[in-house]
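What follows is one structure encoded as structure tokens, with my remarks underneath.
Chain letters run A, B, ... following the sequence lines, proteins first, then strands; residues in each count from 1.
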Protein chains: 2
Amino acid sequence: MVFVPRAEGPWRAGRAGRGMGAEPKRTEEWADVTPDAARRLVTAAVAAFAERGYHATTTRDIAGRAGMSPAALYIHYRTKEDLLYRISIVGHRAALDLLRRARRPGTDPATRLADAVRAFVRWHAEHHTTARVVQYELGALGEEHYAEIVGLRRETDAEIRAVIEDGVASGDFAVPDVPGTTVAVLSLCIDVARWFNAEGKRTPDEVGELYAGLVLRMVGHRAP
Amino acid sequence: MVFVPRAEGPWRAGRAGRGMGAEPKRTEEWADVTPDAARRLVTAAVAAFAERGYHATTTRDIAGRAGMSPAALYIHYRTKEDLLYRISIVGHRAALDLLRRARRPGTDPATRLADAVRAFVRWHAEHHTTARVVQYELGALGEEHYAEIVGLRRETDAEIRAVIEDGVASGDFAVPDVPGTTVAVLSLCIDVARWFNAEGKRTPDEVGELYAGLVLRMVGHRAP
DNA sequence: CCGCGACCTGAGCAAGCGCTTAGGCGCCGG
DNA sequence: CCGGCGCCTAAGCGCTTGCTCAGGTCGCGG
């Protein structure tokens, strides 16, 4: 059933010398964050938040992983919550853009829905650390930041709902309860961030493919 | 898409006098916890952990909600983590028993799967505060406690997988990828705890019914 | 060469954390 | 009537937290 991955190795204990990026694998997601120290801090924060959760992560953790002193964090970010907020914004926008890109006109609803789910799930698997923070730590945001994120989430919701409604209108889907099914589809995709394990036997592409098929079945689409 | 509910009212600030139960609605789940103070503490902890998360909850929070001083907590529970552990055990066992009860021999796989999903989802909706703690706070458990809980989770996993395998073997289901579909079904059900809102327009029964139908579609069951 | 801004550090502050301790009340069997 | 036990509190200990601040080092334009 799906396990929260545990912290395994020792903490990147302290200093550890200058000039090394923290968790250097696939961070093109944050490539446009400057200067370099700010980028190292944000990737360190993503790793720490995903592993321990926001509240269990200390500013000393984050700074240590980025190879800096705790004080350096506050040169680039106003507060610890500000760091979470920026991660949330970037993550939500990335996921939303993915969905919007799948909405190419001229294709039938089944293709659009499958493409959307495939892309959305792929992202949640591939960037499962970022996705974990984005999906499960938003309760730690401040009031206004939280409200802003909720706005983005409503847009995401609307994107999926629109495709399902299209399919129902065209007769391609048979869905007795559109709002309920929309919630279920989104919920299914989002939860990938919780259980996906990079060391597991499935690649993000495979999970995306599997889920696209499952969702088509959920909406009562008959394979041609 | 599903929102983490926020803290709304003011904290039950302090003392507030003796003899009042904390969050007194539907706590028969903890009816066999004695003495009374221990039960008040555990229900207070469930409410607090579900609302803020384990790490953001203080022992003063919990004790305050239960109408006691912080020190009283340590008469009934060894540590704050011990409280989380007991909640986890009770919750996991309750959910697992529910699944086992749905496995009545002599019924066809589709009925068994639908019954299991209905019951499992109903529980996650009805007891969504407990379920939230059970499903999303297990990372805060200590090493041995975590291992024990993982054991219970594996049993839950096996329970659902068995029903799906039965249906595939009997030809009632058409599932290309049994392990993947098992994960997806469980994931879908578990995530109910995250988005379900007691003030929302859907009752736990309605969600259970909806999800039972969706899952039957996912496994390729043809309605009679 | 100077001076300025960008970046970083060591030291540390006030507040809050989990948890302990010493002691007090009231109910019980003897 | 009393001693012990179950249950509770006020006080506070040692430590960690998010965050600040005075000061230092570097590269660069003038």
Side-chain angles (χ1 to χ4, degrees), chain A residues 7 11-22 33-42 44-45 48-49 51-87 137 139-142 145, chain B residues 7 11-22 33-45 48-49 51-87 137 140-142 145:
Chain A
W11 290 110
R12 163 130 13 158
R15 232 35 14 93
R18 187 62 45 74
M20 62 191 317
V33 176
T34 53
D36 182 71
R39 182 174 48 257
R40 264 155 49 218
L41 283 166
V42 78
F49 292 163
E51 214 172 285
R52 325 280 267 196
Y54 175 82
H55 288 294
T57 298
T58 71
T59 55
R60 285 159 178 82
D61 272 347
I62 299 168
R65 282 173 190 242
M68 305 163 73
S69 87
L73 195 151
Y74 294 90
I75 294 166
H76 302 284
Y77 300 95
R78 283 179 44 258
T79 59
K80 182 178 131 183
E81 191 266 353
D82 186 40
L83 213 28
L84 175 63
Y85 168 64
R86 285 165 195 253
I87 294 165
E137 303 297 330
L141 288 168
H145 289 167
Chain B
W11 290 110
R12 163 126 18 155
R15 227 43 6 94
R18 188 62 46 71
M20 62 192 315
V33 177
T34 51
D36 182 71
R39 183 174 47 256
R40 265 154 50 216
L41 283 167
V42 78
T43 57
F49 291 163
E51 215 172 283
R52 327 280 266 196
Y54 175 82
H55 288 294
T57 299
T58 70
T59 54
R60 284 164 240 263
D61 273 347
I62 299 167
R65 281 172 190 243
M68 305 163 73
S69 86
L73 196 151
Y74 294 90
I75 293 165
H76 302 283
Y77 300 95
R78 282 178 46 258
T79 60
K80 183 177 129 179
E81 191 266 354
D82 186 41
L83 214 27
L84 175 64
Y85 168 64
R86 284 164 196 252
I87 293 166
E137 303 296 329
L141 288 168
H145 289 166

Can you name the ring-ring contact (aromatic ring centres under 6.0 Å, His included) partners of [X], sequence neighbours left out?
{"X": "A:His76", "value": "none"}
{"X": "A:His55", "value": "none"}
{"X": "B:Tyr77", "value": "none"}

Just how far, in rounded Å, is [atom2] of [N] from [atom1] of [X]?
{"X": "A:Tyr77", "N": "D:dT20", "atom1": "OH", "atom2": "P", "value": "17 Å"}
{"X": "A:Ile75", "N": "D:dG18", "atom1": "CD1", "atom2": "P", "value": "17 Å"}
{"X": "A:Leu41", "N": "C:dA6", "atom1": "CG", "atom2": "P", "value": "18 Å"}
{"X": "A:His76", "N": "C:dT9", "atom1": "NE2", "atom2": "P", "value": "9 Å"}
{"X": "B:Met68", "N": "D:dC8", "atom1": "CE", "atom2": "P", "value": "4 Å"}

- Item | Spatial distance of atom OH (A:Tyr85) from atom OG1 (A:Thr79) [nearest 0.5 Å] |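 If I round to the nearest 0.5 Å, the distance is 11.5 Å.
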- Query: Can you list every pair that meets salt bridge (charged side-chain N to carboxylate O under 4.0 Å, His left out) and has a residue in residues 69-87 of chain A, with sequence neighbours left out?
  - Reply: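 Checked against salt bridge (charged side-chain N to carboxylate O under 4.0 Å, His left out) - neighbours excluded - the pairs reaching residues 69-87 of chain A are A:Asp82-A:Arg86.
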- Message: Which heavy atom of A:Thr57 sits nearest to which heavy atom of A:Ala48, and what is that distance?
- Response: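 Where A:Thr57 meets A:Ala48 most closely, the heavy atoms are OG1-O, 3.3 Å.
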- Query: Where do B:Arg40 and B:Gly67 come nearest, in terms of heavy atoms and distance?
  - Reply: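 Of all heavy-atom pairs spanning B:Arg40 and B:Gly67, the closest is NH2-O, 4.3 Å.
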- Task: Assign a letter to each nucleotide of nucleotides 24-29 of chain D from its 5' end: B, base within under 4.0 Å of a protein heavy atom; S, sugar-phosphate only; -, no contact.
- Result: ------
Which atoms of nucleotides 17-24 of chain C (N or O only) lie under 3.5 Å from a protein N or O atom, and what are those distances?
residue, atom, partner, partner atom, Å
C:dG18, OP1, B:Thr57, O, 3.2
C:dG18, OP1, B:Lys80, NZ, 2.9
C:dG18, OP2, B:Thr59, N, 2.9
C:dG18, OP2, B:Thr59, OG1, 3.2
C:dG18, N7, B:Arg60, NH2, 2.8
C:dG18, O6, B:Arg60, NH2, 3.2
C:dC19, OP2, B:Tyr74, OH, 2.8
C:dC19, OP2, B:Lys80, N, 3.0
C:dC19, O5', B:Tyr74, OH, 3.4

- Partner of B:Leu41 under side chain to side chain contact (heavy atoms under 4.5 Å, CB included), picked from B:Ile75, B:Thr59, B:Ile62, is B:Ile62
